[in-house]
Protein chains: 2
Amino acid sequence: MEVGLREVAALAGVSVGTVSNVVNGRATVAQEYVDRVNDAVMQLGFVRNDAARALRSGTSRTVGMIIPDGNNPFYTSVALGASDAATLNNNIVLVGTSHDEAEREARYVEAFGEQRARGLIIASAGNIHDRLHQFARGGMPSILLDPDVDERFSSVGPDDVLGGRIGVQHLIDTGRRRIGFVGGPMRLRVLTDRLVGANDAISGTNGAVTLEVFETPDRTVLTGRTIGERVLKRPPETRPDALFAMTDLLAIGILQALDAHRVAVPGDISIIGYDDIDFASTTSVPLTSIRQPMEIIGRKAVEMIEAQREGGSKKREHITIEPTLVPRDSTLRP
Amino acid sequence: MEVGLREVAALAGVSVGTVSNVVNGRATVAQEYVDRVNDAVMQLGFVRNDAARALRSGTSRTVGMIIPDGNNPFYTSVALGASDAATLNNNIVLVGTSHDEAEREARYVEAFGEQRARGLIIASAGNIHDRLHQFARGGMPSILLDPDVDERFSSVGPDDVLGGRIGVQHLIDTGRRRIGFVGGPMRLRVLTDRLVGANDAISGTNGAVTLEVFETPDRTVLTGRTIGERVLKRPPETRPDALFAMTDLLAIGILQALDAHRVAVPGDISIIGYDDIDFASTTSVPLTSIRQPMEIIGRKAVEMIEAQREGGSKKREHITIEPTLVPRDSTLRP
DNA sequence: TCGATCCCGTGAAACGATTCATGGGTTAGG
DNA sequence: CCTAACCCATGAATCGTTTCACGGGATCGA
């Protein structure tokens with residue numbers, strides 16, 4: 001038999017209203033009653049029924065998050081930031097991982113919708129935006145982590161143009177003149193943005209520095225190694241003297257290839273990665289990287305959810321957060 | 001204004017009971033009514049209120065999972081397996097990440113308890129077991145991923161004794177005679193278990209093979225490198241001819257050290273890691289590793305939850321799943 | 001002593017879906 | 001044509017909490 005407010009009230013000799021007030025920490029209850037109720041709660045092992053609470057009060061305490069890949073530190077760190085922000089309002093963040101399956105993603109979307117979550121933070125490939133928009137009209141806003149996917153929603157994401165500029169500028173500042181930009185496929189918006197930023201930095205040098213694009217089919221360690229090998233096939237004087245890899249994985253692969261051929265890093269070629277994953281600091285030569293402001297993105301996303309709940313769905317906005325350079329030996333030790 | 005069963009029923013010209021039956025796919029409704037109701041559902045954008053459903057029916061559709069570290073592929077893969085199993089019963093898995101903070105963990109525990117989740121899958125360090133046990137008496141079972149932490153709960157986990165034996169046996173089979181066991185701190189149960197397994201394998205050789213333990217304070221790449229350096233300080237004839245690292249991270253660090261000193265792998269020293277993380281296949285010499293049966297653990301955990309909900313909390317069990325060897329160049333190429 | 005004010009506990013209504021006893025309508029058998 | 005049997009839509013009761021109008025009792029000033 002379920003222990004409810006009623007049972008607690010009976011044991012404590014008070015009314016259910018009073019028990020509710022005590023359980024929710026409302027200030028209007030005399031100390032004597034508070035104690036009596038708390039004793040009864042303990043004694044009966046009362047656990048508040050969230051379904052009833054949500055039903056009556058019409059509000060949920062959970063912020064939903066749906067991500068494609070649970071192993072991607074980008075998403076998990078965004079989740080951490082979101083969790084921090086949610087905690088301030090006594091809410092929690094619950095994460096569903098779609099593993100890039102549209103069906104699984106749709107199930108999570110429906111589930112959060114039915115739960116009347118406070119809002120959704122979504123990085124999605126699937127075709128769920130119409131449904132999300134329907135939810136939004138019902139008062140559950142969604143915040144996208146991929147910008148520009150759908151104008152109807154707010155979004156928060158890293159400033160990729162700036163990231164590209166920061167990386168190349170750092171290479172220029174450390175004396176590099178022939179820079180390689182390694183990444184692909186170039187249909188990805190993040191990559192074209194970073195390339196724009198990279199060219200911004202180049203164009204400030206009046207032709208003193210060149211940029212060459214090495215397009216890749218993916219951004220894995222193996223592909224990085226292939227790129228490294230390809231670069232090393234060239235005579236040293238026509239090689240780039242710096243490579244800007246669009247993921248740390250690519251950079252690690254490149255580094256492996258250079259290591260294997262005893263090419264000095266950063267002496268002969270310097271390397272920058274992107275993402276600043278944990279591994280970046282533990283490679284044979286610690287890797288300079290661009291750190292994405294993941295926690296801040298998560299925090300911001302939760303704030304936007306709460307703002308939209310307050311101010312109606314009017315305030316749609318697209319926010320970018322600035323990435324930062326994390327300099328390490330792969331570009332610094334001469 | 002909220003669109004409820006009532007509004008749908010009014011528009012479709014039927015009763016709420018009928019709408020409920022249609023929405024839940026019950027077979028007792030005539031086709032004509034089904035169509036009318038579905039039209040109305042579409043038209044009004046009806047989304048079922050899970051709070052009301054859960055309140056009345058007394059059952060939830062979510063399996064809760066609480067993990068300490070969102071970036072650990074062990075947990076995320078367990079979550080994937082759990083999600084697969086949950087889907088079979090039309091349930092979903094929602095994950096909360098405690099980031100090793102007791103307070104955050106406790107918040108998730110309370111939240112899932114209040115939600116009357118179907119059950120909890122937990123890898124915990126915190127002091128929450130009494131609370132979990134209280135929930136269990138209320139009908140919400142918990143399954144631990146760390147065995148032996150608390151006898152009151154069922155658990156599923158990898159068979160670490162077997163993992164240790166498999167790894168060492170493979171080294172013996174590939175002709176190694178002086179094996180180093182690298183890991184720590186040795187107060188961790190997983191490690192002592194694996195050491196037991198390792199010694200099992202050794203003891204089958206009648207002293208032909210020796211095992212030396214290199215205890216480490218943690219299991220990071222940096223520590224691995226340190227161990228590698230330490231081994232290389234010895235004269236070659238007293239070095240181990242194989243190292244069994246308790247994580248792939250340790251193994252990668254060791255590999256970096258050996259690479260840097262041009263020691264051949266596996267020619268001079270062969271290496272096995274543990275966990276088979278994505279990186280294991282992409283190191284300079286692809287790393288042989290022990291693969292933990294993570295998806296299966298997740299699947300099993302969900303099955304145990306459902307079993308306990310059926311059969312009362314009587315059936316407490318402790319299950320281990322067999323890990324497998326993933327052979328790669330770091331032990332094979334001579 | 002009386003009335004005005006506050007304080008604070010009370011208890012019933014309400015949230016929206018599920019469930020099930022009820023009975024209207026139809027079919028089949030005689 | 002009548003009854004039994006069956007099918008299936010109905011709608012009211014119900015889940016446990018929150019919320020709020022209500023009023024009993026205490027305090028205070030006059």
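Quantities reported herein were computed from a predicted structural model and do not represent experimental measurements. Letters A, B, ... are given to chains in the order of the sequence lines, protein chains preceding strands, and every chain is numbered from 1.
- What separates CZ of Arg6(B) from C1' of dG11(D) is a distance of 11 Å, to the nearest Å.
- One side chain, Gln292(B) or Asp275(B), offers a donor N or O that lies under 3.5 Å from an acceptor on the other.
- Residue Arg26(B) places at least one side-chain N or O under 4.0 Å from the OP1 or OP2 atom of dT19(C).
- Among the heavy atoms of the strands lying under 4.0 Å from Gly17(A) is at least one base atom, whether or not backbone atoms are also near.
- Between Lys300(A) and Ile297(A), every side-chain heavy-atom pair lies at or beyond the 4.5 Å cut-off.
- Distances shorter than 4.0 Å separate some side-chain N or O of Arg48(B) from OP1 or OP2 on dT18(C).
- Within the 4.0 Å cut-off from OP1 or OP2 of dA17(C), not a single side-chain nitrogen or oxygen of Ser20(B) is found.
- Proximity of Asn24(A) to the phosphate of dT18(D): a side-chain N or O atom is located under 4.0 Å from OP1 or OP2.
- The aromatic rings of His133(A) and Phe153(A) stand perpendicular to each other, their planes meeting at an angle above 60°, with 30° marking the opposite boundary.
- For Arg53(A) against dT18(D), a side-chain-to-base donor-acceptor contact under 3.5 Å is absent.
- Each of Arg56(B) and Val16(A) was matched to the nucleotide of DNA chain D holding its nearest heavy atom; the match closer to the 5' end belongs to Arg56(B).
- Distance check, rounded to the nearest 0.5 Å: OG1 of Thr97(B) to OH of Tyr75(B) gives 11.0 Å.
- In terms of phosphate contacts, Ser15(B) brings a side-chain nitrogen or oxygen within less than 4.0 Å of OP1 or OP2 of dT10(D).
- Among the nucleotides dT10(D), dA17(C), dG9(C), the one closest to the side chain of Thr18(A) is dG9(C).
- At the heavy-atom level, Val23(A) lies nowhere under 4.0 Å from the strands shown.
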